[in-house]
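Here is the structure we will look at.
Heads up: numbering here begins at 1 and tracks the sequence.
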Amino acid sequence: MVSRSQLVWQCRRGSLELDTLLTRYLEQRYDVAPATEQATFRQLLSLEDQQIFQYLSGQTEPDTVEIIDLVAHISSLISGSS
């Protein structure tokens with residue numbers, strides 16, 4: 001199992017935009033998300049920064065429904081409609 005501090009560290013991507021988006025999700029939704037969504041978030045964190053950025057910016061559509069749904073949750077936090 002991944003500890004909270006490990007997740008915080010993995011959210012630090014070296015890009016302010018990614019850091020902000022991923023950390024906001026971790027702080028506002030991760031703890032109340034279903035276990036499957038938490039696993040998908042950990043999976044997302046294992047991807048390269050550019051791939052994550054392309055998903056979150058809408059440049060590329062994720063390959064799985066789970067990541068598509070997660071990206072939608074992260075986007076809703078950006079727009080404040082969480």
Side-chain angles (χ1 to χ4, degrees):
M1 177 158 214
V2 179
S3 72
R4 179 72 172 203
S5 61
Q6 289 172 315
L7 289 172
V8 169
W9 180 254
Q10 291 174 3
C11 286
R12 295 180 183 164
R13 306 307 285 213
S15 156
L16 180 59
E17 295 85 0
L18 284 181
D19 290 3
T20 301
L21 296 173
L22 296 172
T23 301
R24 184 174 294 163
Y25 174 86
L26 182 63
E27 291 173 350
Q28 294 182 8
R29 181 159 170 92
Y30 183 82
D31 291 333
V32 297
T36 54
E37 186 176 312
Q38 291 177 351
T40 302
F41 182 68
R42 293 188 304 271
Q43 178 187 355
L44 181 73
L45 292 177
S46 72
L47 300 175
E48 296 290 326
D49 293 357
Q50 186 62 28
Q51 188 69 55
I52 297 170
F53 180 78
Q54 288 175 348
Y55 288 163
L56 295 176
S57 66
Q59 295 176 17
T60 305
E61 185 169 307
D63 298 334
T64 67
V65 172
E66 294 82 9
I67 294 180
I68 291 170
D69 291 344
L70 177 62
V71 167
H73 285 301
I74 294 171
S75 296
S76 74
L77 294 174
I78 296 165
S79 64
S81 61
S82 132

Quiz item: Residues in salt bridge (Lys or Arg N to Asp or Glu O under 4.0 Å) with D31, at least two apart?
Solution: R4
Quiz item: Going from OH on Y25 to CD1 on I74, what distance comes out if it is rounded to the nearest 0.5 angstrom?
Solution: 6.5 Å
Quiz item: Are W9 and R12 side-chain neighbours, meaning at least one heavy-atom pair lies under 4.5 Å?
Solution: yes
Acceptor/donor pairs from residues 39-48 side chains to any protein atom, 3.5 angstrom cut, sequence neighbours excluded:
from: T40; atom 1: OG1; to: T36; atom 2: O; distance (Å): 2.9
from: R42; atom 1: NH1; to: Y30; atom 2: OH; distance (Å): 2.8
from: S46; atom 1: OG; to: Q43; atom 2: O; distance (Å): 2.6

Quiz item: What pairs meet the salt bridge (Lys or Arg N to Asp or Glu O under 4.0 Å) rule with one or both residues in residues 62-75, with sequence neighbours excluded?
Solution: none
Exercise. Only counting residues at least two apart or in another chain, list the ones meeting side-chain hydrogen bond (donor to acceptor under 3.5 Å, both in side chains) with T23.
Key: none
Practice problem: Only counting residues at least two apart or in another chain, list the ones meeting side-chain hydrogen bond (donor to acceptor under 3.5 Å, both in side chains) with S15. | Solution: E17
Self-check item: Separation between CD of E61 and CD1 of I67, rounded to the nearest 0.5 Å
Solution: 11.5 Å
Quiz item: Could you state the interatomic distance from CG (L22) to CZ (R24), rounded to the nearest 0.5 Å?
Solution: 11.0 Å
Practice problem: Kindly write out the residues that satisfy side-chain hydrogen bond (donor to acceptor under 3.5 Å, both in side chains) with E27, not counting sequence neighbours, or none if the list is empty. | Solution: none
Quiz prompt | T64: partners by side-chain hydrogen bond (donor to acceptor under 3.5 Å, both in side chains), with sequence neighbours left out | solution = none
Exercise. Working to the nearest 0.5 Å, report the span between CD1 of I52 and OG of S57.
Key: 11.5 Å
Quiz item: Is the backbone of L26 close enough, under 3.5 Å, to the side chain of R29 for a donor and an acceptor to pair up by distance?
Solution: no
